Asker: 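Here it is, the structure, as structure tokens.
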Amino acid sequence: MPQAVEPSPQKPVKASWYNNQFPCGIGKRWYDSARDLKSGTHNMHRWSALFIPTLREAPADAEVASHKFLVRAGYIRQLMAGVYSYLFLGNRSFNKIIAIVRQEMDKIGQEFFLPALHSREVWEASGRWSLMGDNLFRLKDRKGADLALGFTAEEVVTEIARKELRSYKQLPQIWYQITPKFRDEPRPKSGLLRVRQFTMKDSYSFDVDAAGLDVSYKKHYDTYCRIFDRCGLKYMVVEADSGAMGGKESHEFMVRTRAGEDQIVSCDGCDYAANMEKATSKLEPAQDLKPEGDGKPLEVHTPGQKTIEDVAKFLVVSPKNKIKTLALMTDEKDASGKKKSRAIIVLMRGDHQLNEAKLNATVAVATRPMEETEIEAMFNSPAGYLGPVGIEWAKDIKKDIDRPVLLVDKALEGRTNLIAGANKKDYHLKNLTPGKDFHPTAYADLRAVNAGEACPNCGRPLRIDTAVEIGHIFKLGYRYSETMGAHVLDKNGKEVMPIMGSYGIGIERILTAAVEQNNDENGFWLPRSIAPFEIVVTPVNVKEETMFKAAVDIAAKLESAGFDVILDDRDERPGVKFKDADLVGIPFRVNVGKKVTEGTVEVVLRSTHEVRDVTITAIVEYFQGVLRAHA
RNA sequence: CGGGGAGUGGCUCAGCCUGGUAGAGCACCUGGUUCGGGACCAGGGGGUCGGAGGUUCAAAUCCUCUCUCCCCGACCA
């Protein structure tokens, strides 16, 4: 029989089906079955015909729960380090997350689709072509021109803004996209948690002034809360390090989990929460020593006493009266590519630890510990007896670039009569007062917070947890407008730069965090809003006709009521189907077993394995009730 | 990039030390029995042992180089 070649008269395809059809199925709508039913194209999802490759055992190289289970449940398969394919179930869950993100973002912004392939020129223009180093994926086209794969899109949107925005009347703008991002991570890890290709919702705001940016920022803050609420995540919002770019304000949306890479400090007593890189605590005031002798720096013999503890014990003082001197170096390349090193000396209170992230943010460049020869050269003393006295420190970190930098932690500001090394083997100095006996380049908050220290707001003990970052909002300021030359005319006809914000959500991480938050030894369960299916209908034995027919019937009824249903019609033993159902993240299961003869089936809640008998006639009403409760 | 570990049917792994016919469980195919928490019996298919080179009569096994993956660190919007 010849196949019909002519297109049959179909329902007109809505444009939305074609919009945003891009790799990874991004933008593909997971459509409500009711519409398909009406159009007569509906096919019930039958497990037997689907590709859901579940595994009994976790892959040997998987470490964290989400990685193990997403592979075992047939959501993902690895192509190479940090690059994954999303299979049927994974993609379905993915698209549900994206649909939520899109729905909420559409309320505040406009969706774009920006290229993944970027020109070198825009990255040069922002200064990030060299700044990004190896993290930026680079490639060449056939003409040998340099290209990059999209890392984020500040450059691309600013390029558009630069060319197109002319007047304050066009502001504010919020532009967003949901597209793959590429980062050549030094170490991809933990399944989907840190990958080299991932999907990010990134948005960018342009406002005429800082007050406008505050509004755009707040809109994102609120929208992110709605998105994560709808995704069923337990999350917290923390103050984040605004980084070296000079941004003012930044918040991270964090989900507590052991698998996380970030450390967050929070208070159970109030709403204080901050990234470790930013967190502070209330210090109990330390008792200063009384001056000895004439109050001038006083050399004391401390033979063989090198560590803070040793010296404190030897001199019978508290480590709180000691200065810890940390000798660090930065290696930078100047314009000619020549390596230039600069000493960064950090003073901490004797019992405090340095937080490297805070230091990096302060000096805006990576540091390394000084080598022994470098220490000798600078201090004329072996390590263990280092101190700030007798060295000409830079007065300004940016201007005095030929002198070493002395950064002093704020906990030492205002303290008197401290003890530090004398830059002489076996000697320390007493009676040291910052600002009098030595002159810091700057005071800065460089101290690492410890669990149990007092909350800066309410004084109750702080806790420290590991967490996954699922979203980050950031007041960019003028960095890109300035470097790339974007400007508009304001009300007075004066040329001003638009002030920008940038905002990101990691789509994969929403899924990962949800799995990390909801799993047991048998598998995981997803919030129904992001689960690939809401209900799995499981006929215990497909060869028993009454059972099977009842199951098909129930699945069809639930579907036409608008539920997202999969029918496990496989001719497998019940144990196999139950195990798979528990594994793959579907929050509800309907067991169709012997009790069908009495008109009853079982509804199983995956999270608790709570079982409830429900009459078949009431099954739709039952779920409508449950979902109202779960809404 | 530094440190550690691993590459053997689709998956989990044994075999390697001490060189001599490539193994097990699961999965898969056929037939049968079973059917409420990963069944059983019988038969069957499938592996250049990551790759290259070397030593040897003979290499999964010993040696050299190399690629890939995982973990810790460094790094990370």
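It should be emphasised that the depicted structure is a prediction, and the values quoted were computed from it without experimental measurement. Chain naming here is simple, since letters A, B, ... match the order of the sequence lines and numbering starts at 1 in each.
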Asker: Under 6.0 Å between the ring centres of A/Tyr622 and A/Phe588?
Answerer: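 Between A/Tyr622 and A/Phe588, the centre distance exceeds or equals 6.0 Å.
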Asker: Can you find a donor-acceptor N/O pair under 3.5 angstrom joining the side chain of A/Asp582 to the base of B/G37?
Answerer: yes
Asker: Can you say whether a donor on the side chain of A/Glu602 sits under 3.5 Å from an acceptor on the base of B/G36, or the other way round?
Answerer: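 Side chain to base: pair present.
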Asker: What's the closest nucleotide to the side chain of A/Asn591 if the choices are B/G36, B/C11, B/C35?
Answerer: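 The listed nucleotide nearest to A/Asn591's side chain is B/G36.
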Asker: Can you check whether any acceptor in the base of B/G37 is under 3.5 Å from a donor in the side chain of A/Arg589, or vice versa?
Answerer: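 A donor-acceptor contact between them is present.
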Asker: Searching all strands shown, indicate the nucleotide that pairs with B/U55 (Watson-Crick or G-U wobble; both distances under 3.5 Å).
Answerer: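 Pairing partner, where one exists within any strand: none, as none qualifies.
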Asker: Quick one: which of B/C70, B/G36, B/C35 gets closest to the side chain of A/Ala81?
Answerer: B/C70
Asker: Just to verify, which of A/His118, A/Glu154, A/Glu155 counts as forming a side-chain hydrogen bond (donor to acceptor under 3.5 Å, both in side chains) with A/Trp123?
Answerer: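 Of A/His118, A/Glu154, A/Glu155, side-chain hydrogen bond (donor to acceptor under 3.5 Å, both in side chains) with A/Trp123 is met by A/His118 alone.
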Asker: Between A/His472 and A/Glu469 (side chain of the first, backbone of the second, donor and acceptor by atom type, cut-off under 3.5 Å), is there such a pair?
Answerer: no
Asker: Mind calculating the distance between CG (A/Leu193) and P (B/C76) to the nearest angstrom?
Answerer: 18 Å
Asker: Between A/Asp61 (CG) and B/G7 (C1'), how many Å, whole number?
Answerer: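 Taking atom C1' of B/G7 as the reference, CG of A/Asp61 is at 11 Å.
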Asker: Taking the six-membered ring of A/Tyr217 (Phe, Tyr or Trp), confirm whether the NZ or CZ of A/Lys475 is under 6.0 Å from its centre and within 45° of its axis.
Answerer: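 Yes, A/Lys475 and A/Tyr217 form such a contact.
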Asker: Using only heavy-atom distances, decide whether a donor-acceptor pair under 3.5 angstrom links the side-chain of A/Arg187 to the base of B/C76.
Answerer: no
Asker: Please confirm whether any donor atom in the side chain of A/Arg56 sits under 3.5 Å from an acceptor in the base of B/A27, or the reverse.
Answerer: no
Asker: Indicate, yes or no, whether a donor-acceptor pair under 3.5 Å links the base of B/G36 to the side chain of A/Asn541.
Answerer: no
